[in-house]
A.B. asks: 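One structure is given below, represented as structure tokens, and several questions about it will come after.
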There are 2 protein chains.
Amino acid sequence: MSTPTVYDVAQRSGVSIATVSRVYRNPDSVRDQTRDRVLEAARELGYVPSGSARGLASRSTGVLGLCFPDYADPDAEADGADAEDDDSAVMLYSDQIIRGMERAARRHGYALLIAASLDGGPQSLVEQVAGRVDGFAVLARTVPTEDLEVISRRLPVVMLAGPREIDHLDHIEVANADGERELTRHLIEDHGLRRLAFIGGEEDSPDAEARFGGFREACRAAGLAVPDRPAVRVTMMTQAEGAAAAEALLDREGEHPQAMLFANDQMAVGALHALERRGVRVPEDIAVAGFDGIPLGRIVRPALTTVRQPMRRLGEEAVDLLVQRLRDRDREPVSLMLPVSVARRASCGCTPPAGA
Amino acid sequence: MSTPTVYDVAQRSGVSIATVSRVYRNPDSVRDQTRDRVLEAARELGYVPSGSARGLASRSTGVLGLCFPDYADPDAEADGADAEDDDSAVMLYSDQIIRGMERAARRHGYALLIAASLDGGPQSLVEQVAGRVDGFAVLARTVPTEDLEVISRRLPVVMLAGPREIDHLDHIEVANADGERELTRHLIEDHGLRRLAFIGGEEDSPDAEARFGGFREACRAAGLAVPDRPAVRVTMMTQAEGAAAAEALLDREGEHPQAMLFANDQMAVGALHALERRGVRVPEDIAVAGFDGIPLGRIVRPALTTVRQPMRRLGEEAVDLLVQRLRDRDREPVSLMLPVSVARRASCGCTPPAGA
DNA sequence: ATGAAAGCGCTAACAC
DNA sequence: GTGTTAGCGCTTTCAT
């Protein structure tokens, strides 16, 4: 009584299993009458082709994968709850990348398998995904480089949004330095600010470092002092840490900075809250800027000036790269850099554009 | 030179394939020394276990699935582009359900396979997903009922956010009628409005109908005239249709309604735009309300009063139901109804709560 | 147009 | 603790 197989369908419709298989894979190669008999039998039996068996026999799954870090920001969740809204406002990178990949994958006839990295050994993550897909994308720092090294020998892997850790892999990154440089330039030239503080992440966070690099370039170009390192470094880049960083800067001796540039939006949002609690007005007393362009940044007041990353497009490009490599395993590794754009909103002193 | 298998690893490390298998499935059942040898050989060879083969042999994939409709609202996209923001503000149900399911699935050790219904025959959708997962969730009206009937004989299926089309399946819905009733009551009692117009979808849209039902209940309870059918019916429930519906109501003879209640947020947002173009002030001249609680509703001005659905929780509950049924195939079918809540914002005349 | 047979790479008893 | 041996359900030549 268990799950029917090709054999059951074949027997019931009086054909061979090969014919049953053909009906599903290449319907036109079977006579109409035969096909109808098979389909009818399948229906009666409740037959559904086994993806595993297919995959095994055909050596391809029709599925692409995505591994991403578990970027859940606990603060963001709490915040959402406080503010009476559910988590609808909290959409992270990964969600947008998923959207982009899902769409693109579908266009190419693939389904998408997603898995966030669990703390319990990366082994499991990699196994879950790598073994069941024809190729997959990995968000930076999700899977240990050495594992990728091994896996990428067996199937196409494209690395997303980080430095190119393995040079024979396809790779897509966003213009972190360009974006932060332009944002900083805007603050300096258009708003006339000169005392800027950059709040960064750990030194081994390539994105945060690249952004800091852009910040420095802009300072240098403007003839300002070029700091060797961020005014503050945090580890998780969460809202809580952003708030703490803002307070720490406020408590430092000497003049306050005129602007705080955070390595990501989450921190900037946290800082906005902290500054409000301390009675510091934004942008009148101090300008605040983030990086990423998460939806939450548009909802907070003042709306957050930031650098928008084209995350969804990142997902789409990832799929395209994967599909192309699946077609030609020997082509040269590709490395793309996607452009970003500065979103000038209220937190830097720019008037927000007319309400939608 | 092709993809290494257990045999290759076994040979290279001088053990049997069974031991190789054990190393991956149950490491503790193998002596340390042996395990290290195997792992080393695997590493050298670039071995990755085949999910297909595993699935075939063990009759389970460790993957749960989600089928959802391709709800892309073309207007929403265009709108986003116009407004200079990328699509970050446009997060649909499905995205939130995906989030919820991914999280919950991961907690239970599953990965998530997602696929939006393609126009090209549902057959493909169903095959793609159904054959490769241990169970899956289906958003209402994504897969033909008859297909579900067949498939659900083979693996657990939970139906989401719609009526219970198949009564032996697990099923989760949201309290559409309750929510709309409460929203309507609020408009009538708290704002003193009496001429209300409900803009619905097609009659075969269960959600829209349930909401209309709640609207009617509230009218009845308040002693107002109870309409037989929505003031306007549209087909796709997009922004464009919402705008058109609003204009149509404005152009009708007789008194204008004091409030327009739309069957979903997309339409309400479209209406907001249309009303602004016509110089009709919201909420002074007319109140507007939606249903769903999409992020976009918080961004538009005035912010949209609506009924928030717990979409993410829907995803989580779906996974729980799936996991439970996987454990006990014979348990009674479960049907849950998740509560909703009214979000009182500016478009109905309520002052929005203090900015976050 | 259809059938027969040989795997695909792994897991799961069951022996040892 | 480790090896042997059957399959798991399907695709795919190669015949017919």
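Order of the sequence lines fixes the chain letters, A, B, ..., with proteins taken first and strands second; residue numbering starts at 1 for each chain.
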A.B. asks: State which of D:dG3, D:dT2, D:dT5 makes the closest approach to the side chain of B:I17.
C.D. replies: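 Given the options D:dG3, D:dT2, D:dT5, the side chain of B:I17 is closest to D:dT5.
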A.B. asks: Would you say the side-chain atoms of B:D134 pair up with the backbone N or O of B:S60, donor to acceptor, closer than 3.5 Å?
C.D. replies: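 Side chain of B:D134 to backbone of B:S60: no pair is present.
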A.B. asks: Nearest-Å distance, CZ (A:R59) to P (D:dT13)?
C.D. replies: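 The answer, rounded to whole Å, is 10 Å.
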A.B. asks: Please state whether the base of D:dC8 and the side chain of A:Y7 form at least one donor-acceptor pair under 3.5 Å?
C.D. replies: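 In this structure, the two groups form no donor-acceptor pair.
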A.B. asks: Is B:T19 close enough to D:dG3 that one of its side-chain N or O atoms is under 4.0 Å from OP1 or OP2 there?
C.D. replies: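 Yes, such a contact exists.
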A.B. asks: Once rounded to the nearest 0.5 Å, what's the spacing between atom CG of B:L160 and atom CG of B:L314?
C.D. replies: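 So the CG of B:L160 and the CG of B:L314 are separated by 4.5 Å.
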A.B. asks: Within the structure, does a side-chain N or O atom of B:S16 lie under 4.0 Å from either OP1 or OP2 of D:dG3?
C.D. replies: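 So the side-chain polar atoms of B:S16 do come within 4.0 Å of the phosphate oxygens OP1 or OP2 of D:dG3, strictly under.
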A.B. asks: Could you tell me whether B:V20 contacts a base, only the sugar-phosphate backbone, or nothing, with contacts defined as non-hydrogen atoms closer than 4.0 Å?
C.D. replies: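 The answer is nothing, as B:V20 stays clear of every strand by at least 4.0 Å.
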A.B. asks: For B:V129 and B:L113, which heavy atoms make the closest approach, and how far apart are they?
C.D. replies: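 Closest approach of B:V129 to B:L113: CA-CD2, 4.1 Å.
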A.B. asks: Could you tell me the separation between the OH atom of A:Y24 and the P atom of D:dT11, rounded to a whole number of Å?
C.D. replies: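 In whole Å, D:dT11 P and A:Y24 OH are 10 Å from each other.
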A.B. asks: Using the heavy-atom set of chain B and a strict 4.0 Å cut-off, write down the first and last nucleotide of DNA chain C that makes it in, 5' to 3'.
C.D. replies: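 That gives a stretch of C:dG9 to C:dA13.
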A.B. asks: So, does B:T34 get its side chain near the phosphate of D:dT2, meaning an N or O under 4.0 Å from OP1 or OP2?
C.D. replies: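 For D:dT2, OP1/OP2 do have a side-chain N/O of B:T34 under 4.0 Å.
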A.B. asks: When you get a sec, tell me which of D:dG9, D:dG7, D:dT12 is the closest nucleotide to the side chain of A:L56?
C.D. replies: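 So the nucleotide nearest the side chain must be D:dG9.
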A.B. asks: Does the side chain of B:R31 get closer than 4.0 angstrom to OP1 or OP2 of D:dG1 through an N or O atom?
C.D. replies: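 For D:dG1, neither OP1 nor OP2 has a side-chain N or O of B:R31 closer than 4.0 Å.
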A.B. asks: Taking the side chain of B:R22 as its heavy atoms from C-beta onward, which of D:dG3, D:dG7, D:dC10 lies nearest to it?
C.D. replies: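 Comparing D:dG3, D:dG7, D:dC10 against the side chain of B:R22, the answer is D:dG3.
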A.B. asks: Between B:A53 and B:A18, who's closer to the 5' end of DNA chain D by nearest nucleotide?
C.D. replies: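 Its nearest nucleotide being more 5', the pick is B:A18.
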A.B. asks: Can A:R43 and B:D147 be said to form a salt bridge (Lys or Arg N to Asp or Glu O under 4.0 Å), step by step?
C.D. replies: CA-CA 9 Å; A:R43 175 136 304 224; B:D147 286 344; 3.3 Å; yes
A.B. asks: So, A:D8 side chain and A:T5 main chain: donor-acceptor pair closer than 3.5 Å or not?
C.D. replies: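 Yes, A:D8 side chain to A:T5 backbone: donor-acceptor pair under 3.5 Å.
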A.B. asks: For B:Q11, is the CD atom crowded, meaning more than 12 foreign heavy atoms sit under 6.0 Å from it?
C.D. replies: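 Count not over threshold, so no.
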A.B. asks: Is the shortest side-chain N/O distance from A:S21 to OP1 or OP2 of D:dT11 below 4.0 Å?
C.D. replies: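 The answer is yes; a side-chain N or O of A:S21 sits under 4.0 Å from OP1 or OP2.
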A.B. asks: Say you draw a straight line from CG of A:L322 to OH of A:Y110; how long is it, rounded to the nearest 0.5 Å?
C.D. replies: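 So the gap between those two atoms works out to 8.5 Å.
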A.B. asks: Between A:Y47 and B:R35, name the one whose nearest nucleotide on DNA chain D is closer to the 5' end.
C.D. replies: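 In this pair, the answer is B:R35.
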